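Report on one structure; see the data block that follows.
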There are 2 protein chains.
Amino acid sequence: MNLMPPLDFEAPKADRDIDPAAPPCRNCDVVREIAFCADLSADEIKRLASVRCHAQLPAHFTIFREGDRAEHVYSVSHGAVKLYKLLSDGRRQIIGFLFSGDMFGLALDDGYAYTAETLVATQLCRFTHRKLDAMQGQMPRLERRMFTMTVKDLMSAQEQMLLLGRKTAREKVATFLLKLSRRAQVQGLPASPVALPMSRADIADYLGLTIETVSRTFTQLKKDGIIGLPASGHVVLTDEAGLKELAEGASAA
Amino acid sequence: MNLMPPLDFEAPKADRDIDPAAPPCRNCDVVREIAFCADLSADEIKRLASVRCHAQLPAHFTIFREGDRAEHVYSVSHGAVKLYKLLSDGRRQIIGFLFSGDMFGLALDDGYAYTAETLVATQLCRFTHRKLDAMQGQMPRLERRMFTMTVKDLMSAQEQMLLLGRKTAREKVATFLLKLSRRAQVQGLPASPVALPMSRADIADYLGLTIETVSRTFTQLKKDGIIGLPASGHVVLTDEAGLKELAEGASAA
DNA sequence: ACATTCAAATGATAACGATCAAGACCGGAA
DNA sequence: TTCCGGTCTTGATCGTTATCATTTGAATGT
């Protein structure tokens with residue numbers, strides 16, 4: 001797969017889809033409020049838009065690979081993306097699931113430290129590092145926003161270290177479901193029937209477990225009346241308080 | 001311990017130790033080159049120094065606790081610090097060991113997300129978030145440097161997620177030793193007899209293992225001729241290539 | 001030198017999650 | 001509809017690491 005990408009950023013088609021006369025970033029609707037382009041002055045948005053490149057990508061599309069020259073930063077407009085790192089023998093660790101408004105692609109040594117792949121059909125905004133750097137100092141609010149988002153990412157990564165290093169399978173899954181639920185709420189979606197746009201394998205590689213353990217844990221939580229599994233790809237948080245207790249490591253329950 | 005802190009930032013003594021006539025940050029010697037105060041103009045350093053507070057802390061001193069109001073950012077001048085998060089039942093995950101030049105204490109919601117504790121006697125520089133924020137926009141290079149350091153921290157955290165989620169005990173220990181060795185080199189110390197200023201318990205809580213497993217793994221690696229354990233708190237990297245192979249997950253070996 | 005204390009190493013056993021192996025389910029194509 | 005490919009679930013067993021228990025060792029103080 002991905003040998004013949006049906007669409008990519010190079011295709012001018014993507015740019016043509018954006019009405020140049022429209023207020024820049026109008027396309028982004030809600031996302032404007034939470035993405036890194038939020039909180040900017042009209043002038044800043046205009047300037048930012050001039051170096052932006054929008055694209056619609058299909059599901060399971062590799063945006064870039066670990067080690068690729070890091071030329072762009074991305075912002076998710078709509079859809080979902082996963083970031084992962086690999087060991088030489090194929091073991092995989094997913095380091096993040098991204099949704100509308102999330103940013104990715106920052107790198108220091110000219111090479112991405114992870115692979116980025118869409119989970120579902122996804123719209124992205126792309127910015128060139130070089131051009132952003134060139135505007136350095138001219139868009140203080142943007143820089144500050146990117147900084148803040150990076151600090152948030154770091155804190156989230158630290159939470160995940162606690163999960164990976166010290167939580168049980170049950171606690172890991174509970175934490176994961178709550179995180180997804182909260183994230184859905186941020187996007188104005190209901191907290192409870194949570195959509196899981198990723199496969200069991202993805203969940204396993206995010207939580208440091210195997211597919212089988214993830215599956216068994218879902219089944220157990222369902223048996224215990226903590227969650228419901230109405231349809232593939234959807235979870236009902238029947239007992240959110242119970243989930244929270246589990247997630248925080250309240251031994252019993 | 002820490003019930004009667006023998007020294008702290010509030011004590012004016014710490015400030016008196018700094019010669020106000022000396023070029024600011026002269027005390028920091030080498031650290032100046034790698035800390036976040038590096039790469040600043042003379043004017044910026046002067047301004048930064050005006051809101052700085054230096055302190056010498058003893059070993060095993062709690063600098064702040066998870067949940068405390070986040071009022072300061074810190075930079076390690078000399079010594080070593082560990083950052084950790086706790087679960088309600090006491091399970092602990094160390095999310096980082098910090099050395100000269102490292103920064104910590106960034107927070108978003110007014111509360112530190114982790115506890116910070118010295119490993120050994122340590123000198124710190126402290127800055128008030130409020131004052132730094134007040135200077136926002138006036139010290140672009142400082143902001144950029146802090147951003148860069150945060151991105152680096154994030155990438156390091158992502159590496160650690162791969163370790164915690166997907167590496168074996170042996171691979172974890174190998175990775176840890178290599179990381180310490182590289183870090184020592186950055187500080188101009190030799191790569192090979194690496195100092196371990198932290199306890200086995202700290203290492204275990206950093207790698208998501210138990211004390212016993214860490215101990216056994218050290219013993220094994222020694223038996224296999226990959227490392228040497230000349231004295232408590234020191235490790236010789238006998239076979240660095242072997243360690244690297246292990247760390248990257250080269251199944252065999 | 002010896003007692004005391006705490007950290008580290010080692011040993012024995014258990015458990016959680018991994019691995020191996022079927023079988024169930026679901027969606028898409030003919 | 002039926003077949004086919006995949007993912008997900010469930011079952012049986014194994015193994016790595018955790019847990020429990022003890023010994024060794026190193027540092028500190030008397």
Side-chain angles (χ1 to χ4, degrees), chain A residues 1 58-60 82 87 89-93 119-120 163-177 195-224 227-235 246 249 251, chain B residues 1 59-60 82 87 89-93 119-120 163-177 195-224 227-235 246 249 251-252:
Chain A
M1 65 201 71
H60 310 296
K82 68 183 173 197
L87 288 177
D89 63 356
R91 276 174 288 171
R92 188 178 69 148
Q93 179 65 40
L119 288 173
V120 297
L163 177 147
L164 291 169
R166 289 302 180 217
K167 290 187 182 178
T168 65
R170 210 174 152 84
E171 290 163 353
K172 284 176 176 181
V173 171
T175 308
F176 171 68
L177 291 176
L196 302 183
M198 67 290 287
S199 69
R200 291 289 187 267
D202 285 340
I203 298 174
D205 284 344
Y206 182 60
L207 300 178
L209 298 170
T210 57
I211 299 176
E212 294 93 329
T213 300
V214 170
S215 183
R216 275 187 253 268
T217 307
F218 271 111
T219 308
Q220 265 181 259
L221 291 176
K222 183 182 175 183
K223 264 185 202 156
D224 298 346
I227 63 171
L229 299 168
S232 161
H234 290 269
V235 178
L246 256 179
S251 311
Chain B
M1 67 202 73
H60 311 295
K82 68 184 172 195
L87 288 176
D89 63 356
R91 275 173 289 171
R92 188 178 68 148
Q93 179 66 40
L119 288 173
V120 297
L163 177 148
L164 291 168
R166 290 299 180 218
K167 289 187 183 178
T168 66
R170 209 173 152 84
E171 290 163 354
K172 284 176 176 179
V173 171
T175 308
F176 172 68
L177 292 175
L196 303 182
M198 67 292 285
S199 68
R200 292 289 187 269
D202 285 341
I203 298 173
D205 284 345
Y206 182 61
L207 300 179
L209 299 171
T210 58
I211 299 175
E212 294 92 329
T213 300
V214 170
S215 183
R216 275 186 252 268
T217 307
F218 271 111
T219 307
Q220 264 181 259
L221 291 177
K222 184 185 174 181
K223 263 186 204 157
D224 298 346
I227 63 170
L229 299 168
S232 160
H234 291 269
V235 178
L246 256 179
S251 311

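Only a predicted model underlies this, so the values are computations on that prediction, with no experimental measurement involved.
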Atom NE2 of A:His60 to atom P of D:dG6: distance rounded to whole Å? 13 Å

When we call it a touch if two heavy atoms are under 4.0 Å apart, what does A:Ser215 touch: a base, just sugar-phosphate, or nothing? base

Considering only D:dT9, C:dG17, C:dT10, which nucleotide approaches the side chain of B:Thr219 most closely? C:dT10

By the 4.0 Å heavy-atom rule, please label A:Gly233 as base, sugar-phosphate, or nothing. nothing

A:Glu212 has its side chain closest, among C:dA9, D:dG11, C:dA18, to D:dG11

Would you please name every residue forming a side-chain contact (heavy atoms from CB on, under 4.5 Å) with B:Thr213, sequence neighbours left out? B:Ala169, B:Leu209, B:Thr210, B:Thr217

Euclidean distance, atom CZ of residue A:Arg170 to atom P of C:dA15 [Å, nearest integer]: 18 Å

For D:dA18, does OP1 or OP2 lie under 4.0 Å from any side-chain N or O of B:Thr213? yes

Please test A:Lys167 against A:Leu246 for side-chain contact (heavy atoms from CB on, under 4.5 Å), starting from the C-alpha separation and ending with a verdict. CA-CA 10 Å; A:Lys167 290 187 182 178; A:Leu246 256 179; over 6 Å; no

Axis deviation across the helix from C:dA1-D:dT30 to C:dA30-D:dT1, five-pair ends, to the nearest 10°: 30°

Can you figure out which of C:dA9, D:dT10, D:dT17 approaches the side chain of B:Thr168 most closely? D:dT17

Could you tell me the separation between the NE2 atom of A:His234 and the P atom of D:dC8, rounded to a whole number of Å? 13 Å

If I take atom CE in residue A:Met198 and atom P in nucleotide D:dC8, what distance separates them, rounded to the nearest angstrom? 11 Å

Backbone N/O of B:Arg91 and side chain of A:Arg166: donor-acceptor pair under 3.5 Å: no

Roughly, in whole Å, what's the span from CG in B:Leu196 to P in D:dA26? 16 Å

Looking at B:Asp205 and B:Gln93, what are the two nearest heavy atoms and their distance? O-NE2, 3.1 Å

With rounding to the nearest 0.5 Å, note down the distance linking NZ in A:Lys82 to NE2 in A:His60. 7.0 Å

I need the CZ-C1' distance between A:Arg166 and D:dT19, as an integer number of Å. 13 Å

Separation of atom CG in A:Asp202 from atom C1' in D:dT7, rounded to whole Å: 12 Å

Euclidean distance, A:Glu171 CD relative to B:Leu87 CG, rounded to 0.5 Å: 6.5 Å

Reckon A:Arg216 has a side-chain N or O less than 4.0 Å from the OP1 or OP2 of D:dT10? no

Taken to the nearest 0.5 Å, the spacing of A:Ile211 CD1 from A:Arg200 CZ works out to 10.0 Å

Mind checking if B:Ile211 touches a base, just sugar-phosphate, or nothing, with heavy atoms under 4.0 Å? nothing

Just to confirm, is there a sub-4.0 Å distance from OP1 or OP2 of D:dA18 to any side-chain nitrogen or oxygen of B:Thr210? yes

Between NZ of A:Lys222 and P of D:dC8 the distance, given in whole Å, is 15 Å

5'-most contact on DNA chain D: A:Ser232 or A:Lys223, nearest heavy atom basis? A:Ser232

Output, in order, the C-alpha distance, side-chain angles, deciding distance and verdict of side-chain contact (heavy atoms from CB on, under 4.5 Å) for A:Leu177 and A:Phe218. CA-CA 10 Å; A:Leu177 291 176; A:Phe218 271 111; 4.0 Å; yes

